[in-house]
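The structure appears right after this line, and notes come after that.
Quick caveat: nothing in here was measured; it's all calculated off a predicted structure.
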Amino acid sequence: QVQLVESGGGLAQPGGSLRLSCAASGISLDYYAIAWFRRAPGKEREAITRTSSDGKTFYEDSVKGRFTISRDNAKNTVYLQMNNLKPEDTAVYSCAAGVGVGGWGTGEEYDYWGQGTQVTVLS
């Protein structure tokens, strides 16, 4: 059974930091493109960062320079380091894994999803 489990969400002050983890079981993330999506209250889900299976990384403009995606294949885990958090970063964050996914897509290209973790940045 494949599972992606996110952790690390919580409350943060503006300007603060959080690190989210996406731990996989049942698949080896080495072969997968991984993306972090978020859904803010009343808004559509959006992809904010992704990493290809060969390690390339991509960022949506609103998080570029503040968020960093990384993967530790030995731990079968992908991380999202979030710095300089803003109230508009408040959302449920989910990781997704897919084979051969290129480009941002809509999310339907990904095969597996985590359950999501809440990030709330106080205003």
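Side-chain atoms of N83 do not come within 3.5 Å of backbone N or O of S17 as any donor-acceptor pair. Of the possible donor and acceptor atoms, none in the side chain of E6 sits under 3.5 Å from a partner among the backbone N and O of C22. In terms of modelled atom types and a separation under 3.5 Å, the side chain of N73 and the main chain of L29 share no donor-acceptor contact.
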List the steps, then state whether side-chain contact (heavy atoms from CB on, under 4.5 Å) holds for K56 with F58. CA-CA 7 Å; K56 294 185 178 67; F58 306 86; 3.8 Å; yes
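When the side-chain hydrogen bond (donor to acceptor under 3.5 Å, both in side chains) test is applied to S70, no partner is found at least two apart in sequence or on another chain. Among residues two or more places apart in sequence or in another chain, the side chain to side chain contact (heavy atoms under 4.5 Å, CB included) test is passed with Q13 by L122. Residues satisfying the side chain to side chain contact (heavy atoms under 4.5 Å, CB included) test with T51, not counting sequence neighbours, are I34, T57, I69, R71.
Between the OH atom in Y31 and the OG atom in S53 there is a gap of 10.5 Å [rounded to 0.5 Å]. Atom-to-atom distance recorded for L85:CG and L11:CG is 11.5 Å, nearest 0.5 angstrom. A distance of 10.0 Å separates OG of S94 from CD1 of I48, quoted to the nearest 0.5 Å. With values rounded to the nearest 0.5 angstrom, C95 atom SG is found 7.5 Å from Q115 atom CD.
Sorted by first and then second residue, the disulfide bond (SG atoms under 2.5 Å apart) pairs involving residues 53-86 (not counting sequence neighbours) form an empty list. Each salt bridge (Lys or Arg N to Asp or Glu O under 4.0 Å) pair with one or both residues in residues 30-44, not counting sequence neighbours, appears once here: R38-E46, R38-D89.
Between F67 and L80, the shortest heavy-atom contact is CB-CD1, 4.1 Å. For T68 against Y59, the heavy-atom pair with the smallest separation is CA-OH, 3.3 Å. Closest heavy-atom contact between G8 and L18: O-CD2, 3.9 Å.
Remark: aromatic rings of Y110 and F37 are close, center separation under 6.0 Å.
For the residue pair T77/D72, the side-chain donor-acceptor check at 3.5 Å is not satisfied.
Using a 4.5 Å heavy-atom threshold, the side chains of Y32 and I27 count as touching.
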Show which side-chain atoms of residues 98-109 pair as donor or acceptor with protein atoms under 3.5 Å away, not counting sequence neighbours.
{"unit_1": "T106", "atom_1": "OG1", "unit_2": "E108", "atom_2": "N", "d": "3.4"}
{"unit_1": "E109", "atom_1": "OE1", "unit_2": "T106", "atom_2": "N", "d": "3.1"}
{"unit_1": "E109", "atom_1": "OE1", "unit_2": "G107", "atom_2": "N", "d": "2.9"}
{"unit_1": "E109", "atom_1": "OE2", "unit_2": "T106", "atom_2": "N", "d": "3.2"}

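One hydrophobic cluster holds both V63 and L20 under the rule that ILVMFWY side chains link at heavy-atom gaps under 4.5 Å. One hydrophobic cluster, built from ILVMFWY side chains closer than 4.5 Å, holds both V78 and V2.
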